[in-house]
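Down below is the structure, laid out as structure tokens.
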Number of protein chains: 2
Amino acid sequence: MTTKPIYIKTTLDVVCGKWKAVILMELVNGPLRFAELKRKLPQIHHQTLIKQLKELQEDGLIERKSYAEIPPKVEYKLTSHGESLHHLLHDMAAWGEYHLSVQKPDRYSS
Amino acid sequence: MTTKPIYIKTTLDVVCGKWKAVILMELVNGPLRFAELKRKLPQIHHQTLIKQLKELQEDGLIERKSYAEIPPKVEYKLTSHGESLHHLLHDMAAWGEYHLSVQKPDRYSS
DNA sequence: CGGTATCCAACGTGATACTG
DNA sequence: CAGTATCACGTTGGATACCG
């Protein structure tokens, strides 16, 4: 018996948000402010980004650092726990690339 | 620049179905008939299982072998492409287990 | 036994408006 | 600049009924 499938669902629970993986990948290069993150992800809606960030926070993957300034400044960075996901995300990306090279990219034309 | 985040979404697209990862894990031990699969996954609905299987088929991860018998007999097994996902699923499970051991399992009480 | 067709509820994402 | 609140919408999984 290998590791139980239930744990896979746990992992998926954490990274399956539409933008979560992308956000995490952006953050591996260092902390980013909210506005910077938004600039890197032009497609994502303001509100959606906030929600996904909050969930990532609650899962302990990223850390939110708020500076008491005017105007407000907030930085997001990976926690060490978040960094432990890095190699997995990389492997997922690698498999995804392989998958596209093998399968007809019919369903992924977006 | 590491592998592009878009590829992660491809991978997630493939395995993020509510039961897909579980189904794939069941099939690594060998082919299973529809009814056997259903018996191993008591919670999943008849119809839902069919849908997920069909999607996995379309993604080329599993193969459907139908025997022209009465009563009907259908077997599902991993394709070689599906097997290439095995180590990734395993890593995801491993990380999920680690995650649960580190984080409060608040949101995963199901 | 295994599959199709159809409808419905739940969830996640995105849109709009407003606040400190 | 960053966040909250609320609502609208599409997608997905699940329920029911019926067919080969």
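Chain letters run A, B, ... following the sequence lines, proteins first and then strands; every chain starts at 1. Hydrogens, waters and symmetry mates are skipped; everything else that's a heavy atom, side chains included, is used.
Counting any heavy atom pair closer than 4.0 Å across all strands shown, B:K54 reaches sugar-phosphate atoms only and no base atom. B:Q52 comes within contact range of the sugar-phosphate backbone alone, with a heavy-atom separation under 4.0 Å but no base atom that close. Base contact: B:P72 has a heavy atom under 4.0 Å from a base atom. Residue B:Y76 is in sugar-phosphate contact alone, with no base atom involved, counting any heavy-atom pair closer than 4.0 Å across all strands shown.
The shortest distance between the side-chain N/O atoms of B:W19 and the OP1/OP2 oxygens of D:dG14 is below 4.0 Å. For C:dG3, the OP1/OP2 oxygens have a side-chain nitrogen or oxygen of B:R64 closer than 4.0 Å. One finds no side-chain N or O of B:R33 lying less than 4.0 angstrom from the OP1 or OP2 phosphate oxygen of C:dC1.
Looking at the side chain of A:I50, the nearest of the listed nucleotides D:dG3, D:dA2, C:dT13 is D:dG3. For B:K51, taking side-chain heavy atoms from C-beta onward, the closest of the listed nucleotides D:dG13, D:dG3, C:dG2 is D:dG13. Listed candidates were D:dC1, D:dA2, C:dT13. Nearest to the side chain of A:T48 is C:dT13.
Side-chain atoms of A:H46 and base atoms of C:dG14 include no donor and acceptor less than 3.5 Å apart.
A 6.0 Å sphere centred on CD of A:E69 holds more than 12 heavy atoms belonging to other residues, nucleotides or ligands. When the shell of 6.0 Å around NZ of B:K73 is examined, it contains more than 12 heavy atoms from other residues, nucleotides or ligands.
B:L56 has its CG atom 14 Å from the P atom of D:dT12, to the nearest Å. As rounded to whole Å, 14 Å separates atom P of C:dG3 from atom NE2 of B:H45. In this structure, CG of B:D13 is placed 17 Å from P of C:dG12, rounded to the nearest angstrom. Atom pair B:L53:CG and D:dG14:C1' shows a separation of 15 Å (rounding to whole Å applied). Atom pair A:Q57:CD and D:dG3:C1' shows a separation of 12 Å (rounding to whole Å applied). For the pair A:I70 CD1 and D:dA2 P, the interatomic distance rounds to 12 Å; values are reported in whole Å. One atom, CG of A:L32, and another, P of D:dA2, lie 11 Å apart when rounded to the nearest Å. As a whole-Å value, the separation of B:Q47 CD from D:dA17 C1' is 11 Å.
Annotation: side chain of A:P31 is not in contact with side chain of A:Y76 (no heavy-atom distance under 4.5 Å). Side-chain contact check for A:L37 versus A:L27: some heavy-atom pair is nearer than 4.5 Å.
Cation-pi geometry between B:K9 and A:W19 is met: under 6.0 angstrom from the ring centre, within 45 degrees of the axis.
Residue order along DNA chain C, read from the 5' end via each residue's closest nucleotide, puts B:E36 first among A:C16 and B:E36.
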